[in-house]
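Here the structure is laid out as structure tokens; the discussion comes afterwards.
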Amino acid sequence: MSHPQIARRRLLQGSLGIGALAALGLAGCSNEGRGDTGSQVENDAVELPTYIPYTGFVPDLQGENGVSDTVLRYPENPTAVTTGPPGDGADVAIFALTNAPASPPLGQNAFWQELNDRLGFGLSVALVPSGDFTERFQTTVAGDQLPDLFTYFPSGVPGLPSLLRERAADLTDLLSGDAIENYPFLANIPTESWRSAVYEGRIYGVPIARGAQSSPALYRRDDVLSELGIEGDVDSWDDLLAIFQELTGGNAWALSNVPMQLIRQAHGIANTWELGDDGTLVSANEDERQLDALAEGRRLVADGLVHPDTTTSDNQQRQAWVVGGTTRFFEGTFAAWPNLANLPTAGDMRLGVVVPPAIEGGGAAPIWLGPATHNLTGVSVDSADRAAALLDVLNYLAAPFGSAEHIFKNYGLEGVHHTLIDGDPVLNDKGQSETQLGLKYVGEGPWVNYVPGKPDVAQAQFDAQSAVVPTAIPNPASTLFSETQSRKGSQIGSAIGSMETDILQGREPVSAWTEAVERWKRDGGDQIRDELTEAYEQSEG
């Protein structure tokens, strides 16, 4: 195993708007009411890994109250924080997700070859596009083909707790409490993200932390607005609507997608679930203000302010529209900002984030806080005898920002995959292609706002998050699990999501939402509510 040089002391996008169905009970449920699969009491009894923040990295801008640390320029002279290769010298196979085009195979990939040399073993990676991940994961499990390490989402997989009990190694004894000291860069992962790794009272994975980065953001092209003499900050929904109208015409549209998350936030609709007066969780689906929010979204489409191909396009295409200037607004998450800034057509593009204007006036509305965990990495039960060594590999991949391990993992070799420009590793075409092995979804430390060669972008990220994240509204069920949600959530969520699309496109009246919600409740929504409420009550004691 590798030996850290530091002391061993004490992780359903809607077709009209990315994450638009977060309010529909499809997102943010990662460890909810157990049904027959255990109780929340068991989960809360688990001693989570001790949080030991890494102190060898000092950001340029210190994040507080949920805001991510920010770096304007990459730290000088990155040094190694491990000695010797990680693991036990045996090859490691990984099943991972990706949001990028497939990288060249090992024989044609200098980065992958160098990575294997540094690891001291052969790393094989089976990459699956995120949109196909759940289906491929279930197929892989059914075929008993899970490799040594596998990524998975904390919701959306039927019967996940029992699946993990049967197919994943129990990592509790290796990670719980001070045992995490053996993996100092995993100990650097915030405590809240570890809650999503606990099922049936045991720890079954290593989280990829996100939090604020998964929070929704409506991006605007500040450079375009500035050229047109338009002030992007608004005090009311009518002001924002006027900007949308002014920026639409000819072959340009204001919006890449219908910003339903911003509209719902503006209407004061809860972040997926909220606690009712009687102590029962209430789905945001049932909020009467949904009808007003849908009417606003429908109006944007009817007035031609949204790109007409949004329903038949994917998220990458919608991002390309806003960066290319075809559209001027795009709703995504804070995590999308570096990707937007790094697109080949980005140039000197300047982005800003719209603060939701309260629909009834009186200033800004709070945004929704994203879940603390994006995905997790588990160890196959067939590799349980190597669990300690495999966690050492994950510890290596989670090496902190500013280290030699981090800069290589993300930017490859200088002169081959990136060029140092004022100390920043700026990827070239070879680097953009070869480094896309999905490793940031396998092992990763806490998120740091940073865009190579663009300190102004990192500063803008920090400023935008500082304005909205400290007051963001969490989902009270974000670290709970519902068995019914895992088995029926995708199906019933897809049905109500289709109704949303039909309403926004004018194929169904806004009033059709009410019946769609009733069907959602009958087909499993009420059972999900009951399971989440039970788990919430157990957690709150």
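Bear in mind the structure is a predicted one, so any value in this text is a computation, not a measurement.
Of the possible donor and acceptor atoms, none in the side chain of Glu296 sits under 3.5 Å from a partner among the backbone N and O of Ile263. A distance-only check finds a donor-acceptor pair linking the side chain of Asn188 to the backbone of Tyr54 [under 3.5 Å]. A donor-acceptor pair under 3.5 Å links the side-chain atoms of Ser478 to the main chain of Asn475, judged by distance alone. Counting only distance, with no hydrogens or angles, the side chain of Thr140 and the backbone of Arg136 share a donor-acceptor pair below 3.5 Å. For Asp69 (side chain) and Pro59 (main-chain N/O), no donor-acceptor pair under 3.5 Å exists by modelled atom type. With Tyr219 contributing its side chain and Trp337 its backbone, the two residues share a donor-acceptor pair below 3.5 Å. Gln261 places no side-chain N or O within donor-acceptor distance of the main-chain N or O of Ala217, the cut-off being under 3.5 Å. The backbone N or O of Thr70 sits nowhere less than 3.5 Å from a side-chain atom of Gln461 that would complete a donor-acceptor pair. In this structure, Thr533 contributes its side chain and Arg529 its backbone to a donor-acceptor pair below 3.5 Å. Here the side chain of Asn449 pairs no donor or acceptor atom with the backbone of Ala458 at under 3.5 angstrom.
Counted by atom type alone, Ser466 and Asp463 present zero donor-acceptor pairs between their side chains at under 3.5 Å. Between the side chains of Glu331 and Ser256, no donor-acceptor pair of N or O atoms lies under 3.5 Å.
Scanning all heavy atoms of the two residues, the minimum distance from Tyr51 to Ile189 falls at CD1-O, 3.5 Å. Across Ser196 and Thr479, no two heavy atoms sit closer than the pair OG-CG2, 4.4 Å. Of all the heavy atoms in Ser482 and Glu531, the pair that sits closest is OG-OE1, 2.7 Å. Ile269 and Ala293 get closest at one heavy-atom pair: CD1-CB, 4.1 Å. In this structure, Ala372 and Glu192 approach most closely via the heavy-atom pair CB-CG, 3.7 Å. Closest heavy-atom contact between Pro49 and Trp194: CG-CD2, 3.5 Å.
From Ile359, atom CD1 reaches atom CG of Asp238 across 7.5 Å, with rounding to the nearest 0.5 Å. Annotation: the span from Ile203 atom CD1 to Leu164 atom CG amounts to 12.5 Å, rounded to 0.5 Å. Note that CH2 of Trp447 and OG of Ser214 are 8.5 Å apart. Values are rounded to the nearest 0.5 Å. Between atom CG of residue Leu97 and atom CG of residue Asn375 there is a gap of 5.5 Å, rounded to the nearest 0.5 Å. Here the CD atom belonging to Glu200 is positioned 4.0 Å from the CZ atom belonging to Arg165, to the nearest 0.5 angstrom. With rounding to the nearest 0.5 angstrom, the CD1 atom of Ile473 is 9.5 Å from the CH2 atom of Trp368.
Counting non-hydrogen atoms of neighbouring residues, nucleotides and ligands closer than 6.0 angstrom, the CD atom of Glu166 exceeds 12 such neighbours. Counting heavy-atom neighbours within 6.0 Å of Glu360 CD, excluding the residue itself, gives a total of 12 or less. Heavy-atom contacts from other residues, nucleotides or ligands closer than 6.0 Å to CG of Asp526 number more than 12.
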Test side chain to side chain donor-acceptor pair (under 3.5 Å) on Thr310 and Asn257; report intermediate values, then the result. CA-CA 6 Å; Thr310 189; Asn257 44 8; 5.7 Å; no
Show your reasoning for whether side chain to side chain contact (heavy atoms under 4.5 Å, CB included) applies to Met499 and Arg519. CA-CA 11 Å; Met499 178 57 72; Arg519 286 195 300 271; 3.8 Å; yes
For Gln290 and Arg264, what are the C-alpha separation, side-chain angles and deciding distance, and is it a side chain to side chain donor-acceptor pair (under 3.5 Å)? CA-CA 7 Å; Gln290 290 280 4; Arg264 286 179 167 122; 2.7 Å; yes
Give the C-alpha distance, both sets of side-chain angles, the deciding distance and a yes or no for side chain to side chain contact (heavy atoms under 4.5 Å, CB included) between Asp222 and Leu351. CA-CA 5 Å; Asp222 275 356; Leu351 294 174; over 6 Å; no
Could you check Leu171 against Val379 for side chain to side chain contact (heavy atoms under 4.5 Å, CB included), going step by step and ending with a plain yes or no? CA-CA 8 Å; Leu171 305 176; Val379 175; 4.1 Å; yes
Stepwise side chain to side chain contact (heavy atoms under 4.5 Å, CB included) test for Arg318 and His307: CA-CA 9 Å; Arg318 297 184 191 111; His307 196 292; over 6 Å; no
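Ion pair Glu286/Lys521 flagged as a salt bridge, since at least one NZ, NE, NH1 or NH2 atom sits closer than 4.0 Å to an Asp/Glu carboxylate oxygen. In this structure, Asp173 pairs ionically with Arg202, as a charged nitrogen and a carboxylate oxygen lie closer than 4.0 Å. Here Arg220 pairs with Asp233 in a salt bridge; the nearest charged N to carboxylate O distance falls below 4.0 Å. With respect to the salt-bridge test (charged N to carboxylate O, under 4.0 angstrom), the residues Lys409 and Glu444 qualify.
Classification of the Phe95-Phe137 ring pair by plane angle, with boundaries at 30° and 60°, yields tilted. Between Phe244 and Trp237, the ring planes lie perpendicular to each other; the angle is over 60°, past the 30° to 60° tilted range. By the 30° and 60° cut-offs, the orientation of the rings of Phe401 relative to His406 is tilted. Taking the six-membered ring where tryptophan is involved, the planes of Phe153 and Phe133 are perpendicular, since the angle between them exceeds 60° and thus also 30°. Aromatic ring pairs are classed by plane angle as parallel below 30°, tilted from 30° to 60° and perpendicular above 60°; the pair Tyr152 and Phe150 is tilted.
Checked against the 6.0 Å centroid criterion, the rings of Trp321 and Phe330 do not qualify as a close aromatic pair. Taking the six-membered ring for Trp and the full ring otherwise, the centers of Tyr199 and Tyr204 sit at least 6.0 Å from each other. Residues Tyr183 and Phe185 place their aromatic rings such that the two centres sit no closer than 6.0 Å.
Each of Thr327, Leu504, Val301, Thr311 was scored for a side chain to side chain contact (heavy atoms under 4.5 Å, CB included) with Val306, with one residue passing: Val301.
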